[in-house]
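Encoded as structure tokens, the structure appears first; notes follow it.
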Amino acid sequence: MKILVINGPNLQLLGRRKAEFYGTMTLPEIESRLRATACELGVELDFMQSNHEGVLVDRIAAAIGNVDGIVINPAAYTHTSIAIRDALEAARIPAIEVHLSNVAARDDFRHVSMTAASCVGQITGLGADGYEWALRALVRRLSTAPEQSNL
Ligand code: DQA
């Protein structure tokens, strides 16, 4: 089983970016923790981060036929990107949306997710651990109910 972990704009700055919202862990540290979880679960992981909407859209399309599930933090594009929403919907690859911060407790514009409707679920506000819970949830879903996983 192969899972693609996608991170959107400015998440390469984790560790030095608003620690009160995003914690102190860097993206490479989060990825290395996820690698350990993937090893425990016996799944393969691929990572990508981009600050560019079109690059994220292209990567989602390229995942078709190559990836079983997606963990995605679209970052600011969560609140604006119909293109990423459409890419996830068209790919029909089960995806879980992750936010480190509790977006519901922040600015009003962060309360709306354009992308969540194309995902099977969402994990918000649990910090870096959210990526791990998303990976575990996705693998369990794909292993136990693959027929319910596609949108
Ligand atoms: C974020 C929340 C977004 O509102 C914000 O633009 C981000 C990070 C999060 O992980 O909490 O860049 O997706």
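Note that this is a predicted model, so its numbers are computed, not measured. These numbers come from the heavy atoms of this one structure, side chains and all, not from hydrogens, waters or symmetry mates. Both counts, for ligands and for their atoms, begin at 1 and track the order of listing.
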For V5 and R35, what are the C-alpha separation, side-chain angles and deciding distance, and is it a side chain to side chain contact (heavy atoms under 4.5 Å, CB included)?
CA-CA 11 Å; V5 181; R35 267 191 211 98; over 6 Å; no
Quick one: does V103 get an N or O within less than 3.5 Å of an N or O on ligand 1?
no
Does any N or O in the side chain of H79 come within less than 3.5 Å of the main-chain N or O of S113, such that one atom is a donor and the other an acceptor?
no
Report yes or no: does Y22 have a heavy atom closer than 4.0 Å to ligand 1?
yes
For the residue pair T115 and E97, confirm or rule out a side-chain donor-acceptor distance under 3.5 Å.
yes
Among all protein non-hydrogen atoms, which one is nearest to atom 3 (C) of ligand 1, and what is the separation to 0.1 Å?
H79 NE2, 3.5 Å
Quick one about S101 and R106 (side-chain donor to acceptor, distance below 3.5 Å, no hydrogens or angles considered), yes or no?
yes
For atom 5 (C) of ligand 1, what's the nearest protein heavy atom and its distance?
R110 NH1, 3.3 Å
Considering the options I84, V98, L56, I96, which one meets the side-chain contact (heavy atoms from CB on, under 4.5 Å) requirement together with I72?
I84
Give the residue, atom name and distance (to 0.1 Å) of the protein heavy atom nearest atom 11 (O) of ligand 1.
S101 OG, 2.6 Å
Honestly, for R17 the part within reach of ligand 1 (heavy atoms, under 4.0 Å) is side chain
Which of the numbered atoms in ligand 1 are under 4.0 angstrom from any heavy atom belonging to L100?
9 (C), 10 (O), 11 (O)
Do me a favour and list the nearest non-hydrogen protein atom to atom 1 (C) of ligand 1 with residue, atom name and distance?
H99 ND1, 3.7 Å
Give yes if a backbone or side-chain nitrogen or oxygen of T78 is under 3.5 Å from a nitrogen or oxygen of ligand 1, and no if not.
no
Specify side chain, backbone, both or neither for N73, according to which of its non-hydrogen atoms lie closer than 4.0 Å to ligand 1.
side chain
Could you tell me if the side chain of K2 sits less than 4.5 Å from the side chain of L45, heavy atoms only?
no
Any side-chain donor paired with an acceptor under 3.5 Å for N51 and E53?
no
Quickly, which of N7, T24, I30, N73 forms a side-chain contact (heavy atoms from CB on, under 4.5 Å) with L14? Name it, please.
I30
Do R106 and ligand 1 have an N or O pair less than 3.5 Å apart?
no
